Amino acid sequence: QVQLVESGGGLVQAGGSLRLSCAASKNINSITYMGWFRQAPGKQRDLVATIGTGTGGSTNYAESVKGRFTISRDNAKDTVILQMNSLKPEDTAVYYCNANYWYQNYWGQGTQVTVSS
């Protein structure tokens with residue numbers, strides 16, 4: 001089992017930046033991949049970005065965030081980070097950390113990101 005704890009959400013003006021962190025209860029190199037999803041009110045939960053946590057660490061981004069968001073990992077802290085720049089009001093959502101471990105999906109509790117226009 002994997003516990004995930006997110007932090008770093010908040011309120012920011014359009015064009016600003018936020019940095020989300022997700023701390024895992026296991027060595028992230030033992031986890032297949034980790035990522036961030038988001039869910040706006042009345043909408044489905046959508047993928048934002050993923051990163052492979054084994055050797056290689058390939059990344060994948062939703063088209064809507066490419067060039068603005070960067071996912072990375074800090075192996076020493078078993079943490080995955082989502083750096084969000086040039087934020088837009090449409091980025092407003094609850095952001096969830098996700099880990100795929102032994103074919104099971106695990107989720108954090110979510111952190112609210114609100115971007116004002």
Side-chain angles (χ1 to χ4, degrees):
Q1 204 169 18
V2 181
Q3 282 79 46
L4 303 170
V5 178
E6 301 117 332
S7 60
L11 172 64
V12 65
Q13 287 189 328
S17 298
L18 282 174
R19 178 182 169 101
L20 305 183
S21 294
C22 174
S25 62
K26 290 191 178 294
N27 183 330
I28 62 172
N29 285 313
S30 69
I31 300 173
T32 307
Y33 71 81
M34 293 182 68
W36 290 92
F37 289 68
R38 66 187 181 187
Q39 188 168 19
K43 296 190 176 181
Q44 67 181 21
R45 191 173 296 187
D46 291 326
L47 179 145
V48 176
T50 62
I51 185 167
T53 52
T55 54
S58 62
T59 57
N60 179 50
Y61 295 93
E63 284 296 326
S64 59
V65 307
K66 280 183 180 178
R68 300 188 298 122
F69 291 10
T70 303
I71 189 169
S72 62
R73 64 189 194 193
D74 184 338
N75 291 336
K77 297 181 179 179
D78 292 324
T79 297
V80 171
I81 296 159
L82 185 68
Q83 178 66 43
M84 305 186 294
N85 299 328
S86 302
L87 282 160
K88 304 175 181 180
E90 51 264 44
D91 294 318
T92 295
V94 177
Y95 283 69
Y96 295 91
C97 182
N98 170 266
N100 185 276
Y101 178 70
W102 282 98
Y103 310 107
Q104 297 286 326
N105 268 318
Y106 296 90
W107 297 93
Q109 79 283 359
T111 185
Q112 177 70 46
V113 170
T114 303
V115 185
S116 62
S117 57

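Values in this document were obtained by computation on a predicted structure and should not be read as measured data.
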S.K.: Side-chain contact, heavy-atom cut-off 4.5 Å: Leu87 with Phe69?
M.R.: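 With C-beta onward as the side chain, the pair touches.
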S.K.: In Å, rounded to the nearest 0.5 Å, how long is the span from CD of Glu90 to OG of Ser117?
M.R.: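 If I round to the nearest 0.5 Å, the distance is 10.0 Å.
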S.K.: Does Tyr96 sit in a hydrophobic cluster with other residues, and if so which ones, taking ILVMFWY side chains as linked at heavy-atom separations under 4.5 Å, directly or through other members?
M.R.: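 Phe37, Leu47, Val94, Trp107, which link up through side-chain heavy atoms under 4.5 Å apart, make up the rest of the cluster.
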S.K.: Determine whether Ile81 and Arg19 satisfy the following criterion, side-chain contact (heavy atoms from CB on, under 4.5 Å), listing intermediate values before the conclusion.
M.R.: CA-CA 7 Å; Ile81 296 159; Arg19 178 182 169 101; 3.2 Å; yes
S.K.: With sequence neighbours excluded, tell me which residues meet salt bridge (charged side-chain N to carboxylate O under 4.0 Å, His left out) with Asp91.
M.R.: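 Expected list: Arg38, Arg68.
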S.K.: Do you know the tightest heavy-atom contact between Gly9 and Val113?
M.R.: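 Gly9 and Val113 have their closest heavy atoms at CA-CG2, 4.2 Å.
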S.K.: Within the structure provided, determine whether Thr32 and Trp102 are in side-chain contact (heavy-atom separation under 4.5 Å).
M.R.: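 Contact flag for Thr32/Trp102 side chains = no.
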S.K.: Linking I/L/V/M/F/W/Y whenever any side-chain heavy atoms sit under 4.5 Å apart, do Val65 and Tyr33 land together?
M.R.: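 Each belongs to a different hydrophobic cluster.
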S.K.: Measuring from atom CD of Gln112 to atom CG of Leu11, what distance do you get when rounded to the nearest 0.5 angstrom?
M.R.: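 Interatomic distance, Gln112 CD to Leu11 CG, rounded to 0.5 Å: 9.5 Å.
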S.K.: Would you name the heavy atoms of Thr92 and Ala40 that are closest together and state the gap between them?
M.R.: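 Of all heavy-atom pairs spanning Thr92 and Ala40, the closest is O-CB, 3.8 Å.
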S.K.: Pick one: which of Val80, Thr59, Asn98, Asn60 meets side chain to side chain contact (heavy atoms under 4.5 Å, CB included) with Thr50?
M.R.: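 Answer after filtering Val80, Thr59, Asn98, Asn60: Asn60.
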S.K.: Which value, rounded to the nearest 0.5 Å, describes the distance between Ile51 atom CD1 and Ile28 atom CD1?
M.R.: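 Answer rounded to 0.5 Å: 7.5 Å.
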S.K.: Nearest 0.5 Å, what's the OH-CG distance between Tyr101 and Leu4?
M.R.: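 Those atoms lie 12.0 Å apart.
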S.K.: Start with the C-alpha gap between Glu6 and Leu20, add the side-chain angles, then the distance that decides, and say whether side-chain contact (heavy atoms from CB on, under 4.5 Å) holds.
M.R.: CA-CA 7 Å; Glu6 301 117 332; Leu20 305 183; over 6 Å; no
S.K.: Enter the distance from Met84:CE to Thr70:OG1 here, rounded to the nearest 0.5 Å.
M.R.: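 These two atoms lie 11.0 Å from each other.
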S.K.: Looking only at heavy atoms, what is the nearest atom pair of Tyr61 and Ala49, with distance?
M.R.: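 That closest heavy-atom pairing would be CD2-CB, 3.6 Å.
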S.K.: Measure the OG1-CE distance between Thr79 and Met34 for me, rounded to the nearest 0.5 Å.
M.R.: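 Answer for the OG1-CE pair, Thr79 versus Met34, is 8.0 Å.
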